[in-house]
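Notes follow the structure.
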Amino acid sequence: MEDIRVRIAPSPSGNLHVGTARTALFNYLFAKKHGGKFVLRIEDTDAERTSQEYIDNIFDSLKALGLNWDEGPDVGGEYGPYTQSERFDIYPKYVQELLDKGFAYECYCTPEELEAEKEEAAKNKKAYVYSKKCENLTEEEKAKLRAEGRKPAIRFSVEKAQKAFHESPIVHFDDLVKGNLHQDTSLIGDFVIMKSNGSPTYNFAVVIDDMLMKISHIIRGEDHISNTFKQILIYEALGAEVPKFGHLGMILAPDRSKLSKRHGATAVSEFVEKGYLTDALINFVALLGWAPSDGVEIKPVDEIAADFRIGEVSSSNSIFEYDKLNWMNSQYIKMLDIEDLKEKLKPFLKDYDLSSLTDEQYTKMVEITREPLTLLSDITNDAKYFFGKDVEIDPQVQADVLDTEVSQDVLKTFLEQAKDWEWTEENLHEKLEAFRGFYKEKGIKPKVTMWAIRAAVTGRTRGADMVGSLEVIGKDTTLYRVQKAIK
RNA sequence: GCCCCCAUCGUCUAGAGGCCUAGGACACUUCCCUUUCACGGAGGCGACAGCGAUUCGAAUUCGCUUGGGGGUACCA
């Protein structure tokens, strides 16, 4: 069997989009599953919208997601260069080949002429198909047009290619995920493969690049289905082997429109900034269109790869809902090694003086606050009361909890007793339990007793484990805060 | 307008003619656990878009309708 080679070819006109990340993932999974190569090619043809910053973002995001490529701009490879702008001089040769074979011709039409044709088609409710008026220009006519200063674009002759390689104008191909797909090529129209300024168009450049890079399977979004027929014809006209194609459904926003900025984060890097773990993100995105055979949804990419079958990928679009992503992120946070978690949480604790805690205390803090985290960024609010001498008291808590007679009594008693306590986890646990018992006998629920203390020390009624919290906050600060809460 | 793709709970999906009174996950919800919140555990709610056809039998096959998405560039 031929060598399996797949690729992801992002255009650096923005940060790596989750949709692109999913396409990259499926290509990666396919390569891993079949022992093939995963190639990264940067399609930076559109100089206007391209920037180095975006290229770096794409590299970094892909790496963060664990989608490492075997060949690419940075690591090189046998079939480079892998940056499209560096491949400009290789396209003319193939344009010439097509011209020589009669599968392409020069077109001198002006934008105005083309526009008129389109309007005419729209008026007649017909699909717009280029008139081919330049297809049979004589050398004299071309020379005349050139003398006027016109520069030709090169068009691909769809009909000639179709007739040379297909009996019917209806061209078919067997899609890896969607099955048999077809298109009436007479509706395509002779498209431009090289612009009058000499640069290749997308449909032409991808074919040349994929052909030269020996890409065997092209897995991409279904927005490319209509391009596929054009590309197949080009491969054939060039006498090249046509790769296998697989088209994935798109990822849509909850309102079923294209996932864009107004729906929140779209770039992988934005998700990371928001506190998502790349492992959770990639796992979540894998589940959009693919289901594990054993029903276990949380699993690392290498296990997904072993279970992956491109033919089982759903051919319909899927909606990107945060609920499940959030749940998955919380699950991944729970699975994180404590030292790893401590590091990953730091960016979200940058506003606090972490040096005020010993490593032991920081570890303890993370241990007792990690449980409810959905996003790493939740720690910013959840850990607030572990820092500083004073604590911010929620007004509602002040009124509902601290201002009550019972609470005031609890606090006074606590202050009295606690000043003699030894501030260790074990002792705190014991003393607090006795303390609750003491009030319970007086008819005060343990919950109420603890609320008073929690409110005074943390300013809230909910939060991390009390014993651990008091331990990390320390005796001095605890007593100070309780004292301040007493009227 | 024209062309193409898609269609199972709110969402992601399992299901490839009888195993389906349609299974799982998230969300929602009830209860349990509990010093709070949470975590966790046990339940509940909840779908085959509609209509025809094929068949002894259809979520599964076919057609139409409807709905959604994509494409229609000298953008990628």
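The basis for the numbers below is simple: all heavy atoms, side chains too, and nothing from hydrogens, waters or symmetry mates. Proteins come first, then strands; the chains are lettered A, B, ... in the order of their sequence lines, and each starts at number 1.
Summary of the strand contacts: A:Pro10 and A:Thr461 both lie near RNA chain B, and taking for each the nucleotide with the nearest heavy atom, the more 5' one is attributed to A:Thr461. Mapping A:Tyr202 and A:Tyr128 onto RNA chain B via the closest heavy atom, the residue that lands nearer the 5' end is A:Tyr128.
Side-chain atoms of A:Ala153 lie closest to B:C74 of the nucleotides B:C12, B:C74, B:C39. Of the candidates B:A76, B:G68, B:A27, B:A27 carries the atom nearest the A:Trp327 side chain, counting heavy atoms from C-beta on. Out of B:C2, B:A76, B:C5, the shortest distance to the side chain of A:Ala127 is found at B:C2. Considering only the side chain of A:Lys334, B:G40 comes nearest among B:G71, B:C12, B:G40. Distance from the side chain of A:Met450 is smallest to B:U35 among B:C74, B:U35, B:A38. Considering only side-chain atoms of A:Lys324, the nucleotide from B:C26, B:G70, B:A14 that sits closest is B:C26. The side chain of A:Ser316 lies closest to B:C6, out of B:C74, B:C5, B:C6. Here B:C4 is the nucleotide among B:A38, B:G40, B:C4 with the atom lying nearest to any side-chain atom of A:His182.
Between the base of B:C74 and the side chain of A:Ser196 there is a donor-acceptor pair shorter than 3.5 Å.
Counting any heavy atom pair closer than 4.0 Å across all strands shown, A:Ile193 reaches no nucleic acid atom. Looking at heavy-atom distances under 4.0 Å, A:Asp465 makes contact with a base. Looking at heavy-atom distances under 4.0 Å, A:Gly463 makes contact with a base.
A:Tyr91 has its OH atom 12 Å from the C1' atom of B:A76, to the nearest Å. At whole-Å resolution of the value, CG in A:Leu187 and C1' in B:G1 are 12 Å apart. We find that CZ of A:Phe204 is positioned 16 Å from P of B:C74, with the value rounded to whole Å. As a whole-Å value, the separation of A:Leu288 CG from B:G69 P is 17 Å.
Of the P atoms belonging to B:U30 and B:A38, the separation is 12 Å, rounded to the nearest Å. Using atom P as the reference point in both B:G57 and B:C45, the two lie 31 Å apart (nearest Å). Look at the C1' atom in both B:U60 and B:G23: the space between them is 15 Å, to the nearest Å. Comparing B:C6 with B:A49, their P atoms are spaced 15 Å from each other, to the whole Å. Only the C1' atoms considered, B:C5 is 43 Å distant from B:A42, to the nearest whole Å. Here the separation of B:C51 from B:G70, taken at their P atoms, is 29 Å to the nearest Å. B:A14 sits 36 Å from B:U34 when the C1' atoms are compared, rounded to a whole Å. Separation of the C1' atoms belonging to B:A59 and B:G1 is 35 Å when rounded to the nearest angstrom.
Tested against A:Thr185 for a side-chain contact (heavy atoms from CB on, under 4.5 Å), the candidates A:His166, A:Glu159, A:Gln162 yield a single pass: A:Gln162.
Judged by distance alone, the side chain of A:Asp378 and the main-chain N or O of A:Leu375 form a donor-acceptor pair under 3.5 Å.
Geometric assessment of A:Arg155 against the ring of A:Tyr130 yields a positive cation-pi assignment under the 6.0 Å and 45° thresholds.
Within the structure, ring pair (Phe, Tyr, Trp, His ring centres under 6.0 Å) pairs that include any residue of residues 179-200 of chain A comprise A:Phe156-A:Phe191, A:His172-A:His182 (at least two apart or interchain).
Taken from OG1 in A:Thr363 to CD1 in A:Ile338, the straight-line distance is 6.0 Å, to the nearest 0.5 Å.
In terms of the side-chain contact (heavy atoms from CB on, under 4.5 Å) criterion, residue partners of A:Phe88 (sequence neighbours excluded) are, by chain and number, A:Thr45, A:Ser199, A:Pro200.
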